[in-house]
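Below: the structure, in structure tokens.
Letters A, B, ... are given to chains in the order of the sequence lines, protein chains preceding strands, and every chain is numbered from 1.
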Amino acid sequence: MNNAYNLLSEPIRKYIRDKRWEQLRAIQTVAIEKILTSDNNYILISRTASGKTEAAFLPILSKVDFYEPGVQVLYISPLIALINDQFNRVEELSKNLDITVTKWHGESSRALKEHLIQNPAGIVLITPESIEAMFVNKAYQVRHMFSNLKYVVIDEIHSFIGTDRGKQLQSLLSRLQDINTKSFSIIGLSATVSEENKFIEVKEFTGNIEKTKILIDRSHKIIQVDFRYFEGETESLPLDLLKDLYVETKDNKALIFPNSRGRSEEVAVKLKKIAQKVNGHINYFSHHSSIDREVREYIEFFAKNNARQNFSIACTSTLELGIDIGTVDEVIQIDATFSIASLIQRIGRSGRKDDESSNLILYATNSWSLLQSIACWELYNEGFIEPAFMNDRPYDIMLHQALSIIKGSPGKTVKALTKLLKENFAFNKIDQEEIIEIINHMIETDLLEKLQQELILGLEGEKIVNSRDFYSVFTTEPYFKVIHSGNVIGEIPYSTELSTIENIFLAARIWNIQYIDMKSMKIDVVPAKDGNNPVYHGVGGNIHPRIKEKMLEILYCDLKFDYLNNICFDQIREMRKDFSYFNLPNLKNERPLLIGDLHILLYTFTGSRINHTIKFLLDLAGITSSLDDRKSEFYMETSKSFFLEKWKDITSPLTEIDKYISKLLKSKPFLLNFSKWGEHLPEKYQVKILKDKYFDIDNTQEFLNKIVLVENDEK
DNA sequence: GACCTGCTGCGGGCTG
């Protein structure tokens with residue numbers, strides 16, 4: 001054992017001896033030394049299953065005096081399931097030390113919560129929404145419990161960075177800091193943090209850039225990668241792909257990521273059918289957000305506790321984060337991931353033991369998806385992770401926090417509330433005048449009410465805050481529950497065709513719809529023999545520009561990529577040939593423009609948000625286009641001269657873009673649906689959040705200013 | 001072309 005071990009307290013050293021660990025992991029060694037000798041914030045970055053939780057808790061438990069009054073350590077997790085997993089580990093770590101460990105989330109015991117309120121001490125494991133609820137409903141107790149905090153540990157911190165939920169958490173951290181006379185330190189844990197901008201996004205997250213240091217272990221496992229190509233001609237997955245997938249997975253423990261809930265059902269049901277025909281194992285499951293929680297927990301339990309039996313789980317990002325399902329032999333991705341970060345998380349699920357490599361198979365059903373998969377794989381090997389999208393002016397989250405603050409402690413003046421929000425580091429880039437304008441709007445719309453000079457909740461504000469839905473900042477759609485003889489299986493969206501659809505797949509089984517109860521939103525089903533995927537309606541994802549640029553680079557180089565078999569490489573060769581007609585010596589600044597007799601095709605090879613913005617600018621210029629974001633392709637039925645004439649001035653509306661977005665929002669109010677609280681903002685600020693979150697004005701301007709179109713006539 | 005996440009307080013009824 002090394003020097004770090006000797007720095008730990010004796011009970012912790014005993015824990016390590018009892019566990020018979022031969023040595024500390026790299027991230028643990030460095031974290032122990034740093035955390036024990038300073039009060040900085042630290043972000044611990046190292047791959048899945050490398051002992052990050054212990055890297056944080058071994059030194060914290062050594063350092064903190066748990067006999068002091070109040071809760072000493074707060075562990076914050078994005079998932080309840082993760083809290084339940086970590087509870088067991090943290091409790092085991094703490095048992096020699098007589099430290100209370102309490103789970104605090106919507107499904108944990110009320111009696112234990114009550115006990116903690118009476119005797120605040122030790123470690124609390126909690127979700128951001130539960131902290132929010134405490135500030136709203138137990139404002140006095142929050143001070144009583146959390147005003148002597150020493151450490152806040154944030155697990156899977158990357159899942160918060162650059163999101164609305166992350167802004168909410170930042171605001172809650174800032175509010176917690178306000179009730180602590182001495183400042184607490186923050187420890188963030190993650191396997192995937194971008195270092196493109198020198199870690200600025202994660203450092204900013206803690207509210208103190210200077211005090212936040214990065215501890216990173218870049219070592220990674222050897223990954224066996226295998227690309228396979230099966231062209232899809234219909235909506236359904238090609239039969240040959242399914243057969244190949246069956247043979248590949250039948251003797252293994254496999255996680256299969258087909259990118260959507262509907263496809264997960266298709267994969268699980270169809271593989272199971274093949275298995276039944278050939279008498280293979282039939283441990284085929286689907287795991288996604290529309291599968292009932294109990295069914296999902298059963299699948300997780302099965303995966304974790306069946307050492308002998310093989311299984312395949314077709315899943316969405318539900319199995320991407322650190323929920324403990326044990327080790328799997330292989331990870332299979334069907335068509336490209338939307339991000340490198342996601343690819344890394346998925347790879348991390350296989351070969352978790354030290355001596356195992358990770359096995360990854362990437363299937364593609366069309367050439368553009370294959371190209372994107374190769375681009376992601378290449379970028380992964382270059383160490384690229386897309387930086388989180390930064391949202392400096394979250395007016396909607398600030399409005400939500402203003403309601404939370406006034407509910408928790410009414411009677412503040414406008415001036416006092418403005419000061420609180422301005423000093424909250426989640427909102428420090430929002431101007432004071434803007435804050436005052438939004439508070440006044442809230443008073444006008446009865447969200448807040450002014451009694452003499454003191455603010456309380458208004459009638460509309462009461463309605464919103466006193467609802468169960470207030471504590472989270474994300475929206476969810478209402479679905480119909482699917483029930484078989486009293487047991488809930490999962491849920492599906494209602495559509496008018498549903499009653500005429502014969503049968504649906506759900507939870508890896510096939511069901512016949514018997515009865516739809518419109519009032520209580522329930523669907524009764526019985527087992528059936530054949531059917532179709534359920535259709536969940538989603539909106540497209542946002543791909544980072546670097547992935548699309550990499551796709552362009554792959555088309556204009558002559559690398560052979562020796563990990564590709566002939567079938568895959570033939571696809572790339574074909575695409576290279578198609579694009580070879582454009583002479584593009586400068587890939588940074590040039591893009592192909594194909595001129596046909598009746599139409600024009602523009603290939604931007606850039607990110608989704610820039611593409612959305614260009615589409616909007618084309619609309620404003622009077623050019624109707626249809627955008628296929630997968631190919632970064634704009635299809636326009638217009639003449640070359642008309643297009644080029646308009647293209648010269650395409651960026652001119654950007655100077656007064658607010659006016660145009662305002663008009664767009666009036667005709668399409670649903671564009672704001674991504675924001676749960678945006679509808680309560682003054683219109684001016686609704687336009688601003690659309691501008692910041694849906695479009696990407698600055699980067700589009702920069703892109704259009706540098707890009708030169710290279711023409712070629714269609715043969 | 002998407003995917004994911006979480007949740008109070010109160011009162012009534014039931015069990016042992």
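For the side-chain contact (heavy atoms from CB on, under 4.5 Å) test, residues two or more places apart in sequence or in another chain that qualify with Lys631(A) are Trp368(A), Asp628(A), Glu633(A). Considering only residues two or more places apart in sequence or on other chains, Pro387(A) meets the side-chain contact (heavy atoms from CB on, under 4.5 Å) condition with Ser194(A), Glu196(A), Asn197(A), Glu201(A), Phe384(A), His544(A).
Here Arg89(A) does not pair with Asp324(A) in a salt bridge; the nearest charged N to carboxylate O distance is not below 4.0 Å. Contact check on Lys676(A) versus Asp164(A) returns no salt bridge, with no Lys/Arg side-chain nitrogen under 4.0 Å from an Asp/Glu carboxylate oxygen.
Arg110(A) comes within contact range of at least one nucleobase, with a heavy-atom separation under 4.0 Å. Heavy atoms of Ser130(A) sit under 4.0 angstrom from primed sugar atoms or phosphate atoms, though from no base atom. Residue contacts for Leu321(A): at a heavy-atom cut-off of 4.0 Å it reaches no nucleic acid atom on any strand shown. Here Asp335(A) lies out of heavy-atom contact (under 4.0 Å) with every strand. Nucleic acid contact class of Lys138(A) (heavy atoms, under 4.0 Å, all strands): sugar-phosphate only. Residue contacts shown for Val136(A) are absent, as no nucleic acid heavy atom lies under 4.0 Å away.
Of the two residues near DNA chain B, Ser472(A) and Gln372(A), the one whose nearest nucleotide lies more 5' is Gln372(A). Place Lys676(A) and His537(A) on DNA chain B by their nearest nucleotides, and His537(A) ends up nearer the 5' end.
First and last contacting nucleotides of DNA chain B toward chain A (any atom under 4.0 angstrom from a heavy atom, 5' to 3' order): dG1(B) to dC10(B).
Side-chain atoms of Arg591(A) and Ser632(A) include no donor-acceptor pair closer than 3.5 Å. Counting only N and O atoms by type, the side chains of Ser367(A) and Glu574(A) include no donor and acceptor under 3.5 Å apart.
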